[in-house]
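The sequence lines fix the lettering, A, B, ..., with proteins before strands; numbering per chain opens at 1. We use all heavy atoms of the structure for the numbers below, so side chains are in, but hydrogens, waters and symmetry mates are not.
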Amino acid sequence: MTRLSELLLPTERQPPADAEALSHKLMVRAGLIRQVGAGLWSWLPAGWRVHQNVVGIIREEMDGIGGQEMLMPLITPADLWRKTGRYEITELFKLGDRRGADLLLAMSHEETTTFHVATAVRSYRDLPKLLYHFQLKGRDEPRPRAGVLRTREFVMKDAYSFDRDEQGLETSYERCAGAYERIFDRSGLEWYAVESDVGMMGGSGAHEYMAPCAAGENDVALAPGYAANVEVASAEPQPVPALGNVPSDLHTPGLTTIDEVAASLGVVAGNLLKAFPVVTASRGLVVVFLRGDHRVEDVKLANALGEPFTQASVDELERHGLVAGYIGPGDRVAALYDAAVAPGRYVAGGNAADRHVVVEVAAGERIDVRRVEAGDTVGGQVIRIEPAIEIGNIFKLGTRYSDPLGATYLDDGGREQLIVMGSYGIGPARVAAAAVEQFADEKGISWPRAIAPWDVHLVGLGKGGTPERAAAEELYTSLREAGLNVLLDDRDAGTGEKLTDAELLGVPLRLTLGKRTLESGAVEAQVRRGAEDRDPIPLEGAAEAVAELWRTLP
RNA sequence: CGGGGAGUGGCGCAGUCUGGUAGCGCACCCGGCUGGGGGCCGGGCGGUCGCAGGUUCAAAUCCUGUCUCCCCGACCA
């Protein structure tokens, strides 16, 4: 369907009142998506064309590295997930059938693919394998947001590699990384790969593919030659001047924050020691000390501790004789020091109400748990931090799933070995939304050519039955014969409405054909990116010239 | 789950404080004019005011309960 008069493309002049993110507003306004419930969205015809274009690119590149496409069910028996311990995840949609059997909506398909490989693969000769599918994922997200950026049901391309050993996994991983580079390059996005957290699941390595944009939910630390999610980023802190002459015992009534204490002493926050008391299952209460101007990065701290933690309550502190707001090093509780706490003198809590003291911190064991900040450096290069949306990830799973699900093979010596796995995800919806975020201007969307719903938006001005409209029909036919996907605006609507809708929808090349065109013998062309008018294209032989121009577009 | 906000034709909103039986712009339908940037005139269609209960002669408006949605924080493609 490529005639606007027949297409379901409900454009809106105003965005939904509750929309915040740019892609949310524009995708709804342009008639690409519509909401059904919280985090539940329908893709209307034009939007689905974009989605499927992204899918097409992914499919080509995955096939190109030997991926085998298949399809596994969304509804999954609970037993598979019980075996891997994932049945307890709170985001899991759980349901039952009429007989009372426990089922779930898969959040991803590690269990299912591993189940198949476990039963189908017996020999090292059957490995490696790279399997993938495009399938819905169900996730009962605590907070769906920003249109299609974070939803409770979405299509994911998830791929799983199965190798004989770590070395094989390394090869599969690199191969997927290469495919991902080509996929995101081809999609026309700005993107980069960053080191990411492997989470509590373990695993030996992971990367995330990030598309920088304002609506992004992740913060990424970037410097020339360096890119990492702030959840795992490490950097050299900015220096602070040494602590000047300050009395070693300070009466500080009511001064419980870093800023208050620093201001009252006339020193910088970095001259203080910040106490971050946490409780873990195996250690009980532990106080983590950071430089006063630094913040704890929760993910880094959990990784450094090797277990989850909660912040200590005031009760918990009192039980250990600590006073909230006045915690400092002492013998009452175990202490850990962040890597940015250089040996030297600091103002710290005096472990008594209204008291601070100057302490001498010695060199010693450190853990890196602080959140990297803009202005820190890596290898002498200054870091900046920007928001980005995660559009894909790759993850070395190891034997996390093959072990509980019994996915083994016999090696060439007849010994049973665990299959070594990797997983590789991409969210096509996020690729689409990120493209909207990155390239939209005040008039609307500006799709990269590779994923645009159509190649050319041909606006036929005037009313049906006029010579200019007849000419538009003719051009429409010849453009299609030249291999272009063309959207023809053949509505009897006003000029302004047609042109405004075209800008909102964001097809990369707009052709306008009206009375003027006929008189001059050339159709007007505007490149959507930058709203850049090009030289009119003579109607004689227009199709080839348009196709040629189109190939040069971003 | 914690905090904040909102539910009134398809979209955006007013009306709620101070109860009196629902209105505006856009969209939509009909007729006419216009025809290169959301044009003009005239005439129309369309709403259980989220839901349930209560107060009252009378409830969009007051009370109680409940559901839904959005935004900010802990999660992730």
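Within 4.0 Å (heavy atoms only), A:E153 reaches no atom of the nucleic acid at all. Within 4.0 Å (heavy atoms only), A:Q14 reaches at least one base atom of the nucleic acid. Across all strands, A:R510 comes closer than 4.0 Å to base atoms (heavy-atom distances). Within 4.0 Å of A:I391, counting heavy atoms only, lie sugar-phosphate atoms of the nucleic acid but no base atom. Among the atoms of the strands shown, none is found under 4.0 Å from any heavy atom of A:P428. Counting non-hydrogen atoms under 4.0 angstrom, A:A493 reaches a base of the nucleic acid. Residue contacts shown for A:P10 are absent, as no nucleic acid heavy atom lies under 4.0 Å away. Residue A:T151 is classed as a base contact, given a heavy-atom separation below 4.0 Å to a base. Using a 4.0 Å heavy-atom cutoff across all strands shown, A:N218 reaches at least one base atom of the nucleic acid. At the heavy-atom level, A:A146 lies under 4.0 Å from the strands shown only through sugar-phosphate atoms. Here A:D501 lies in heavy-atom contact (under 4.0 Å) with a base. Across all strands shown, A:G494 has no heavy atoms under 4.0 Å from either base or sugar-phosphate atoms. Among the heavy atoms of the strands, none lies under 4.0 Å from A:K498.
Pairs engaging residues 506-518 of chain A under the side chain to side chain donor-acceptor pair (under 3.5 Å) rule: A:E503-A:R510 [sequence neighbours left out].
For the pair A:R400 and A:E110, the salt-bridge criterion is not met [side-chain N within less than 4.0 Å of a carboxylate O]. Ion pairing between A:D441 and A:K443 fails under the 4.0 Å rule for side-chain N and carboxylate O. Classification of A:E437 and A:R430 as a salt-bridged pair fails, no side-chain N sitting under 4.0 Å from a carboxylate O. Salt bridge status for A:R59 with A:E69: present, with a side-chain N to carboxylate O gap under 4.0 Å.
Partners of A:N218 according to the side-chain hydrogen bond (donor to acceptor under 3.5 Å, both in side chains) rule, which considers only residues two or more places apart in sequence or in another chain, do not exist here. Residues satisfying the side-chain hydrogen bond (donor to acceptor under 3.5 Å, both in side chains) test with A:R182, not counting sequence neighbours, are A:E61. Qualifying side-chain hydrogen bond (donor to acceptor under 3.5 Å, both in side chains) partners for A:R139, counting only residues two or more places apart in sequence or in other chains: none.
Judged by distance alone, with hydrogens and angles left aside, A:E497 brings no side-chain donor or acceptor close enough to the base of B:G39 to form a pair under 3.5 Å. A donor N or O paired with an acceptor N or O is not found under 3.5 Å between the base of B:C11 and the side-chain atoms of A:R29.
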Counting primed atoms, P, OP1 and OP2 as sugar-phosphate and everything else as base, the B/S/- map of nucleotides 45-50 of chain B against protein heavy atoms under 4.0 Å is ------
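Toward the 5' end of RNA chain B, the nearer of the two residues A:R150 and A:R143, judged by each one's closest nucleotide, is A:R143. Along RNA chain B, the nucleotide nearest to A:T517 and the one nearest to A:G147 differ in position, and the one closer to the 5' end is contacted by A:T517.
At whole-Å resolution of the value, CG in A:L8 and P in B:C28 are 14 Å apart.
B:A59 and B:G53 have their C1' atoms separated by 13 Å, with the value rounded to a whole Å. Rounded to the nearest Å, the gap between the P atom of B:C63 and that of B:U56 is 16 Å. Between B:C69 and B:C30, the two C1' atoms lie 37 Å apart (nearest whole Å). Nucleotides B:C75 and B:C29 place their P atoms 50 Å apart, quoted to the nearest Å. Across the C1' atoms, B:G42 and B:G50 are found 37 Å apart, a figure rounded to whole Å.
Residues from residues 131-142 of chain A placing a heavy atom under 4.0 Å of any atom in RNA chain B, listed by number, are A:R139, A:E141, A:P142.
For the 3.5 Å distance criterion, the side chains of A:Y160 and A:T114 fail to qualify, holding no donor opposite an acceptor.
A:R145 has a side-chain polar atom (N or O) that falls below the 4.0 Å cut-off from OP1 or OP2 of B:C72. The phosphate of B:C70 has OP1 or OP2 within less than 4.0 Å of a side-chain N or O from A:Q35.
Across the strands present, B:C17 finds no partner; the criterion is a Watson-Crick or G-U wobble pair with both atom distances under 3.5 angstrom.
Distance from the side chain of A:D18 is smallest for B:C70 among the nucleotides B:G37, B:C70, B:G12.
Formation of a donor-acceptor pair under 3.5 Å by the A:D140 side chain with backbone atoms of A:F93 is not found in this model.
When each of A:E208, A:H207, A:E297 is checked for a side-chain contact (heavy atoms from CB on, under 4.5 Å) with A:N229, only A:E208 meets the rule.
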